[in-house]
Asker: 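Please read through the structure below; I'll follow up with questions.
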There are 4 protein chains.
Amino acid sequence: MTASTANLPPPTFAEGLPGGRPSRQRLSPPLRMAQILDAALAVFHEKGFAASRIDDIALRAGLSKGGVYAHFDSKEEIFEALIDRSLTMPAGLDEAALAPGQMVTVDLLVERVIDPVYRLLARPETAMTLRLVVADGRQVQALVERWQRAVLDPFASAVERLVRRAVRQGSLGKGALTASPWLLMAPIAQVVLWQLMHGQGEGAPVTLEQQRRSHIALLREALAP
Amino acid sequence: MTASTANLPPPTFAEGLPGGRPSRQRLSPPLRMAQILDAALAVFHEKGFAASRIDDIALRAGLSKGGVYAHFDSKEEIFEALIDRSLTMPAGLDEAALAPGQMVTVDLLVERVIDPVYRLLARPETAMTLRLVVADGRQVQALVERWQRAVLDPFASAVERLVRRAVRQGSLGKGALTASPWLLMAPIAQVVLWQLMHGQGEGAPVTLEQQRRSHIALLREALAP
Amino acid sequence: MTASTANLPPPTFAEGLPGGRPSRQRLSPPLRMAQILDAALAVFHEKGFAASRIDDIALRAGLSKGGVYAHFDSKEEIFEALIDRSLTMPAGLDEAALAPGQMVTVDLLVERVIDPVYRLLARPETAMTLRLVVADGRQVQALVERWQRAVLDPFASAVERLVRRAVRQGSLGKGALTASPWLLMAPIAQVVLWQLMHGQGEGAPVTLEQQRRSHIALLREALAP
Amino acid sequence: MTASTANLPPPTFAEGLPGGRPSRQRLSPPLRMAQILDAALAVFHEKGFAASRIDDIALRAGLSKGGVYAHFDSKEEIFEALIDRSLTMPAGLDEAALAPGQMVTVDLLVERVIDPVYRLLARPETAMTLRLVVADGRQVQALVERWQRAVLDPFASAVERLVRRAVRQGSLGKGALTASPWLLMAPIAQVVLWQLMHGQGEGAPVTLEQQRRSHIALLREALAP
DNA sequence: CATGAATGAGCTTTCATTCAT
DNA sequence: CATGAATGAAAGCTCATTCAT
């Protein structure tokens, strides 16, 4: 797991006030970079890349503008580092998908593919990163494509391979879903889209959990042998 | 339909040439505004709201910066007008959803709901607007919500009503899809997501048409009585 | 001659004061550019390229920082335009040096070569530009070389040709100066060097006029047939 | 002579390799300061005072930014120390000028005045310092004047005294050069100017040695009794 | 002494907006 | 209405300087 900000000591009272002695905390670069990236994710997510000011990121990360530039050469580099960090993040997926020689049932599919993705979507970090990629990816298209190739594509083909094997094994019935395995994930696209437009869980007409249950119900129905 | 640029007089010879000075004609305000909105949509879509310059929009609309300000008071006002315009745009949908008293079959659903949406998605304008709303909606949240209430929600409940009626009529079987009618549209979310990340049809692994067929196949299977 | 600032109306009293209505004078681009270049020359000369702020140039040119950027894309572009402008300036020299078929005497040399150069050196603009080229030329080496090739080199060889012809004609005696014609201009290098270090005429131990007379005296002596 | 870098212990093996971390040795202050000044001279010469970064100087001197500040309080102080160091530097000159009671001939003039200066000009350090003084002297005018008073003026009057004595002795003829003794050095100004604009010896049309010979030839001719 | 993270003032550049023409 | 020079408020970035380690 990446270095994170979670268990840092909270800033003292004085530091929080304007004019309070800035304390000039010297952190190790990896720690600082993690802090900055955390801050950047939040700010980018809130305002979008172009409208985000380095000052905002710096403030949120607890240092000064110049301090940010001691660790990243430009705003764009921060963006790239952010995407890069999320590149390795959903590590659980592809290894999990590379299932052993056992029987591939709907249950297995749910446990190894569907559930992990919903768990991922429940994390604020994931939603934020997705929003970043979609909203501002155009400006840094190369990165988005790298992300796609490194994360999305492998995941998609892993799912496809799983399904084909299951059909061969007879544990899943032939039908529209097994003919076009990518449709299996469609309800997840709905969730993502919703999150993109509204942020996480704010007054969604359908809970993430409800959506997950409906999704699984659909799968059981449509994939029954 | 709103005033559009479609049936404008063709550009004069000079304008057609690269480097040819654009119009400087005094057009009727509605026409000019339509031109400007068209240009703004394209530019916003390409660079995002914050990174778009009024100059770009003006250039693309064939007039100068000052000219734009003769019609809109601010950049944000252009954005709002853009969303407003798209509020009435997807004309095909609501009429379709207001189905008659007749029997609701899968075929009807496809013809009145699914197909119109795919037709909409095939239009560049739709993709652009969607991208705008998702990428830059946060800044003008109120507008996005208005759009949601005016377009998405009515459409969603229309579909829901259709499905419930069909189930009552026995023309659709009970199942996961009829229990959670919004799942009906899930594959469309997939298409939209893809378009958001890559623009229209550039090297998509699956054609819009393929996706539509798979989608319909799934519906026939899962909705069969 | 280039557009210059010389006969512009002086700024009104109010404009000179802070807070005075900025008047938003709209000048034609060539006029403004000349103003800006004049200002830039003064400022660069005073502080050097790197230490000069666009604000200074703008203030001196009578507009705002942003206004400068409406005419030049960057500070460096101003520098280049400045050198370019002085590139054509000493036009009188090389044509003059291309003397007719007549006898080349010391008097002619003085009248056609030495005097024009001293007249040039008496102009503040020349001194400033020279200082710029020497002090900050390293950063924009290509420009300096262009200047050298376009101005200095042609002048030097013109002088050389003149002297050789004179020696052939017998109107100048053979000696160290005619063997190495570039030495003819050496005292001028002294003047330039002095100006580089002190600016024009501020407490120079020797007047420009004195230096000129001594220079000519030396030439008469050393070039006598 | 001031402490210099010349006879430092050779760098350790690792330092000699590209990427090898530099010293981090604790050197004696005078040595360190000499290193830093050497580095500063090179950097200032290359980029000018304003465009030079302390980081560059530190890197070149083999320590870190903070290390530089352990020895100098500010960038300007480095500059001043640099000029100060060059104040005593041209040792050859003043002693030479303090000629004995003997006969002052052209040969003596050459040997005691002209040649030492050309030897000085052949040293990279001299060229660099001159460039510094000319290019950035304006910012630290006081220093330049000090340099002038301490080095140039004494040298100039020494030369003048020499010449006057020689004329009185009859060993030099009366003429333009003895009337205006400063003209004696004019060709040297040419060399300096050239070095200022191009750096040392890069593709100069005339060698330093050639220039020296021509210079001396001219002197013999013009100073002959 | 040396290091290098951090500060903060200052600079270049951009751009929405205004307005004289 | 249209133009485009001009304004002015940011915003990105740099770098001399400080100081905890």
Side-chain angles (χ1 to χ4, degrees), chain A residues 21-29 31-32 50-58 62-76, chain B residues 21-29 32 50-58 62-76 78, chain C residues 22-29 31-32 50-58 62-76, chain D residues 21-29 32 50-58 62-78:
Chain A
R21 188 129 163 309
S23 89
R24 203 183 269 254
Q25 276 260 12
R26 281 171 64 104
L27 298 183
S28 72
L31 202 48
R32 257 298 187 237
S52 297
R53 284 165 297 136
I54 297 283
D55 274 310
D56 293 336
I57 297 174
L63 37 50
S64 70
K65 198 171 17 178
V68 171
Y69 279 96
H71 298 281
F72 296 94
D73 284 340
S74 70
K75 195 166 119 177
E76 199 153 300
Chain B
R21 288 288 247 68
S23 27
R24 184 173 314 218
Q25 290 180 26
R26 291 157 81 122
L27 298 181
S28 72
R32 263 292 191 235
S52 296
R53 283 166 299 140
I54 297 282
D55 274 308
D56 292 335
I57 298 174
L63 36 52
S64 73
K65 202 168 10 184
V68 171
Y69 276 93
H71 296 279
F72 296 93
D73 283 341
S74 73
K75 194 166 128 180
E76 199 151 303
I78 299 178
Chain C
S23 89
R24 202 181 272 256
Q25 277 258 14
R26 281 171 64 104
L27 298 183
S28 73
L31 203 49
R32 259 297 188 236
S52 297
R53 285 164 297 137
I54 297 284
D55 273 311
D56 294 334
I57 298 174
L63 38 49
S64 70
K65 199 169 14 178
V68 172
Y69 278 95
H71 298 281
F72 296 94
D73 283 341
S74 70
K75 197 166 119 176
E76 198 152 302
Chain D
R21 287 289 247 65
S23 26
R24 182 169 320 208
Q25 289 180 26
R26 291 158 78 125
L27 297 181
S28 73
R32 263 292 191 236
S52 295
R53 284 166 298 139
I54 297 282
D55 275 309
D56 293 336
I57 298 173
L63 37 50
S64 73
K65 204 171 2 185
V68 172
Y69 276 93
H71 296 277
F72 296 93
D73 283 343
S74 72
K75 194 168 130 180
E76 199 150 302
E77 198 177 288
I78 298 178

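Note that the structure is a prediction, hence the values are computed from the model and not measured. Only heavy atoms go into these numbers, but all of them, side chains included; no hydrogens, no water, no symmetry mates. Lettering follows sequence order; numbering is per chain, from 1.
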Asker: Just N and O in the side chain of B:R32: are any of them under 4.0 Å from OP1 or OP2 of F:dA2?
Answerer: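 So the side chain of B:R32 is within the cut-off, an N or O lying under 4.0 Å from OP1 or OP2 of F:dA2.
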
Asker: Looking at the side chain of D:I54, which of F:dA16, F:dT3, F:dC1 is the nearest nucleotide?
Answerer: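 Among F:dA16, F:dT3, F:dC1, the one nearest the side chain of D:I54 is F:dA16.
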
Asker: Looking only at non-hydrogen atoms, find the nearest pair between A:K75 and A:S52 and report the distance.
Answerer: NZ-O, 2.8 Å

Asker: Could you state the interatomic distance from CZ (B:R32) to CG (B:L63), rounded to the nearest 0.5 Å?
Answerer: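 Here the rounded value is 4.0 Å.
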
Asker: What's the separation between atom OG in A:S74 and atom CD1 in A:I54, rounded to the nearest 0.5 Å?
Answerer: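 It comes to 8.0 Å.
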
Asker: Here's a test of your reading of the structure: between B:A51 and A:G66, which maps to the more 5' nucleotide of DNA chain E?
Answerer: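 Counting from the 5' end, the first nearest nucleotide belongs to A:G66.
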
Asker: Please tell me which of C:P29 and A:D55 maps to the more 5' nucleotide of DNA chain F, matching each residue to the nucleotide holding its nearest heavy atom.
Answerer: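 Checking each residue's closest nucleotide, the 5'-ward one belongs to C:P29.
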
Asker: Using both distances under 3.5 Å as the test, list the Watson-Crick or G-U wobble partner of E:dC1, or none.
Answerer: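 Matched E:dC1 with nothing under the 3.5 Å cut-off.
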
Asker: Give the nucleotide from the list F:dA2, F:dT7, E:dA2 with an atom nearest to the side chain of B:A70.
Answerer: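 In terms of side-chain proximity for B:A70, the closest of F:dA2, F:dT7, E:dA2 is F:dA2.
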
Asker: Using the P atom as the reference point in each nucleotide, state the distance between E:dC1 and F:dT21 in Å, no decimals.
Answerer: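 22 Å, rounded to whole Å.
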
Asker: From CG of A:L31 over to C1' of E:dA6, roughly how many Å is that when rounded to an integer?
Answerer: 15 Å

Asker: In whole Å, I'd like the distance from the CG atom of D:D56 to the P atom of F:dC15.
Answerer: 8 Å

Asker: Looking at E:dA16, E:dT13, E:dC19, which one has an atom nearest to any side-chain atom of C:R26?
Answerer: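 Within the option list, the nearest is E:dC19.
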
Asker: Nearest 0.5 Å please: distance from the NE2 atom of A:H71 over to the CG atom of A:L31.
Answerer: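 Atom-to-atom, A:H71:NE2 and A:L31:CG are 10.0 Å apart.
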
Asker: Whole-Å distance between E:dC15 P and C:Y69 OH?
Answerer: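 After rounding, the gap between these two atoms is 13 Å.
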
Asker: Check every strand shown and say whether B:S74 touches a base, only sugar-phosphate, or nothing at a heavy-atom separation below 4.0 Å.
Answerer: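 The residue B:S74 makes sugar-phosphate contact but no base contact.
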
Asker: Is any side-chain nitrogen or oxygen of A:K75 closer than 4.0 Å to OP1 or OP2 of F:dG12?
Answerer: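 Indeed, a polar side-chain atom of A:K75 lies that close.
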
Asker: Would you kindly give the CD-to-P distance between C:Q25 and E:dT21, to the nearest whole Å?
Answerer: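 The distance from CD of C:Q25 to P of E:dT21 comes to 8 Å, rounded to the nearest Å.
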
Asker: Searching all strands shown, indicate the nucleotide that pairs with E:dG10 (Watson-Crick or G-U wobble; both distances under 3.5 Å).
Answerer: F:dC13

Asker: Take atom CZ of D:F72 and atom P of F:dC15, then tell me their distance rounded to the nearest Å.
Answerer: 21 Å

Asker: If you go through the side-chain atoms of A:R53, does one of them form a donor-acceptor pair with the base of F:dG12 closer than 3.5 Å?
Answerer: no

Asker: Rounded to whole angstrom units, what separation is found between the NE2 atom of B:H71 and the C1' atom of F:dC1?
Answerer: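 Going from B:H71 (NE2) to F:dC1 (C1'), I get 7 Å.
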
Asker: Which residue lies toward the 5' end of DNA chain F, B:G67 or A:D73, if each is placed at its nearest nucleotide?
Answerer: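 Closest to the 5' end, via its nearest nucleotide, is B:G67.
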
Asker: Quickly work out the C:I57 CD1 to E:dC11 P distance and round it to whole Å.
Answerer: 12 Å

Asker: Calculate the interatomic distance between A:K65 atom NZ and E:dT7 atom C1'; express it in whole Å.
Answerer: 11 Å

Asker: Please classify the nucleic acid contact of A:S52 as base, sugar-phosphate, or nothing, using heavy-atom distances under 4.0 Å.
Answerer: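 The answer is sugar-phosphate, as A:S52 gets under 4.0 Å only of primed atoms, P, OP1 or OP2.
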
Asker: Let me see the working for B:V68 and B:D55 under side-chain contact (heavy atoms from CB on, under 4.5 Å), right down to the final yes or no.
Answerer: CA-CA 9 Å; B:V68 171; B:D55 274 308; over 6 Å; no

Asker: How close do B:A58 and B:S64 get, heavy atom to heavy atom, and via which atoms?
Answerer: CB-C, 3.6 Å

Asker: Can you tell me the base-pairing partner of F:dA6? Count Watson-Crick or G-U wobble geometry only, both distances below 3.5 Å, and say none if there is no partner.
Answerer: E:dT17

